[in-house]
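Shown next, in structure tokens, is the structure this report addresses.
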Amino acid sequence: MPEETAPTNTPNTPTVPNESGSSSSVLKTLGCGCAALVVLVLIVPLVWASWGSTDFPRAAPEDMAGRAFQHSQEAYDLVGFKRTVKPGVKDIGVSTENTLSSSSCHDGGLTGLEDKTVDGAYQMSHRWALDHVPASQAASGLRRLHQHLKDKGWEITSYREGAKVKGKDWDLFAKRDDGEGTERMSFTWFAEREYFLGGATAPCAYDPAWKNGDIGPPGDDQTPPSLGPRNGT
């Protein structure tokens, strides 16, 4: 009687999966998921930042102009100036100055790399200057301003004391986010000319009175009050 041979393949025999193939499949799936997650992590903040970049408050130009001017007035008092500076300027960079200006606000787009003007949005800035400011007054005044802005929560982005080297200029730049946008202040004393220049910029805002077809940034017709010591001091 011929010897029986065990069958090499039985229909009821369970098939053992290829472990390496299964792991590779899982890794591929996880890899795709991780890649998608990384893309989302990178893109979502950009989109969010782009959406928030034009989320400006609604405010009349005269209100934002007053806000910028008040920052300048506070700085003027802290430095200790006693002269009164009337609105206007005769010779930029030489004479006294007390002016307001308006500029357009921009949208960086979805990627943050675009540069589109936002219709109806504007940013008010106040600029002021005094001539014949001696080094002693400029130095002490800027040191007080530096400490005051730090105490009030402003971020000092740049500060340079020129007194350590005779004839060198002084600089102070600061910014602060008040929840509605970024406002900035800047001050420079030019040693050679004894010329003190200051400025303040309010956050961007939408003009409630703006209409389609209006040309230029709102607020370019604003005039500041006189800058000088308050309360007769």
Side-chain angles (χ1 to χ4, degrees), residues 49 53 64-106 108 112 115 122-204 222 224-230 233:
S53 65
M64 285 302 190
R67 179 170 172 169
F69 179 83
Q70 286 305 314
H71 283 320
S72 291
Q73 179 66 69
E74 184 176 2
Y76 191 90
D77 291 336
L78 278 167
V79 176
F81 292 129
K82 301 300 182 182
R83 282 184 278 171
T84 296
V85 185
K86 295 182 179 180
V89 57
K90 291 182 179 179
D91 192 355
I92 295 177
V94 177
S95 66
T96 60
E97 181 176 357
N98 177 13
T99 58
L100 283 167
S101 62
S102 177
S103 59
S104 299
C105 295
H106 299 268
D115 188 20
Y122 67 95
Q123 188 171 41
M124 294 299 306
S125 296
H126 179 253
R127 176 180 161 116
W128 56 279
L130 281 176
D131 53 358
H132 306 301
V133 178
S136 57
Q137 184 174 24
S140 60
L142 282 169
R143 286 184 178 128
R144 283 196 299 274
L145 270 178
H146 178 232
Q147 188 59 52
H148 173 78
L149 292 174
K150 287 174 63 177
D151 293 343
K152 292 295 183 178
W154 288 74
E155 176 189 347
I156 306 301
T157 57
S158 178
Y159 179 56
R160 177 181 62 171
E161 291 194 0
K164 296 176 182 178
V165 180
K166 187 177 180 180
K168 293 295 183 180
D169 302 339
W170 285 60
D171 293 313
L172 171 58
F173 298 91
K175 67 177 182 178
R176 180 176 66 179
D177 190 336
D178 67 344
E180 293 184 341
T182 302
E183 49 190 354
R184 302 177 187 275
M185 296 184 74
S186 63
F187 309 93
T188 300
W189 179 70
F190 300 94
E192 185 177 347
R193 294 181 284 139
E194 293 193 332
Y195 191 74
F196 195 103
L197 177 65
T201 301
C204 283
Q222 296 295 307
S226 292
L227 183 68
R230 289 181 288 191
T233 59

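These numbers come from a predicted model, not from an experiment.
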Can you check whether [X] reaches [Y] side chain to side chain, under 4.5 Å on heavy atoms?
| X | Y | result |
| --- | --- | --- |
| Asp169 | Arg160 | yes |
| Leu227 | Gln73 | yes |
| Pro87 | Pro225 | no |
| Ser125 | Leu100 | no |
| Met124 | Gln222 | yes |
| Asn98 | His126 | yes |
| Ile156 | Leu149 | yes |
| His71 | Glu183 | yes |

Flag, side chain of [X] to backbone of [Y], donor-acceptor distance under 3.5 Å:
| X | Y | value |
| --- | --- | --- |
| Gln123 | Ala202 | yes |
| Arg144 | Val79 | yes |
| Asp171 | Tyr159 | no |

Is Arg127 paired with Glu97 through a side-chain N to carboxylate O contact shorter than 4.0 Å?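 Arg127 and Glu97: salt-bridged.
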Glu161 and Lys168 ion-paired at < 4.0 Å: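 Between Lys168 and Glu161 there is no salt bridge, as every charged N stays at least 4.0 Å from the carboxylate O atoms.
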Before you tell me yes or no, could you show the steps for Leu197 and Phe190 under side-chain contact (heavy atoms from CB on, under 4.5 Å), namely the whole-Å CA-CA distance, both residues' side-chain angles and the distance that decides it to 0.1 Å? CA-CA 8 Å; Leu197 177 65; Phe190 300 94; 4.2 Å; yes
Of all the heavy-atom pairs spanning [X] and [Y], show the shortest one and how long it is.
| X | Y | value |
| --- | --- | --- |
| His106 | Ser104 | CD2-O, 3.6 Å |
| Arg176 | Lys152 | NH1-O, 3.5 Å |
| Phe81 | Gln137 | CD2-NE2, 3.4 Å |
| Tyr122 | Met64 | OH-CG, 3.5 Å |

Side chain to side chain donor-acceptor pair (under 3.5 Å) between Glu74 and His148: does it pass, once the steps are laid out? CA-CA 10 Å; Glu74 184 176 2; His148 173 78; 2.8 Å; yes
With Phe173, which residues qualify under ring-ring contact (aromatic ring centres under 6.0 Å, His included), at least two apart?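 Applying ring-ring contact (aromatic ring centres under 6.0 Å, His included) to Phe173 gives none.
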What do the steps show when you test Ser95 against Val89 for side-chain contact (heavy atoms from CB on, under 4.5 Å), and what is the final call? CA-CA 7 Å; Ser95 66; Val89 57; 3.8 Å; yes
Ring-plane angle category for Phe187 and Phe196, please: parallel below 30°, perpendicular beyond 60°, tilted otherwise.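 The arrangement is tilted - the two ring planes meet at 30° to 60°.
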Before we go on, tell me: are the rings of Tyr195 and Trp189 under 6.0 Å apart, centre to centre?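 Ring centroids of Tyr195 and Trp189 are no less than 6.0 Å from each other.
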Does the gap between the ring centers of Trp170 and His146 come in under 6.0 Å?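 Here the rings of His146 and Trp170 have centres that are no less than 6.0 Å from each other.
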Just jot down the salt bridge (Lys or Arg N to Asp or Glu O under 4.0 Å) partners of Asp131, sequence neighbours excluded, or say none.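 Asp131 satisfies salt bridge (Lys or Arg N to Asp or Glu O under 4.0 Å) with Arg83 once adjacent residues are dropped.
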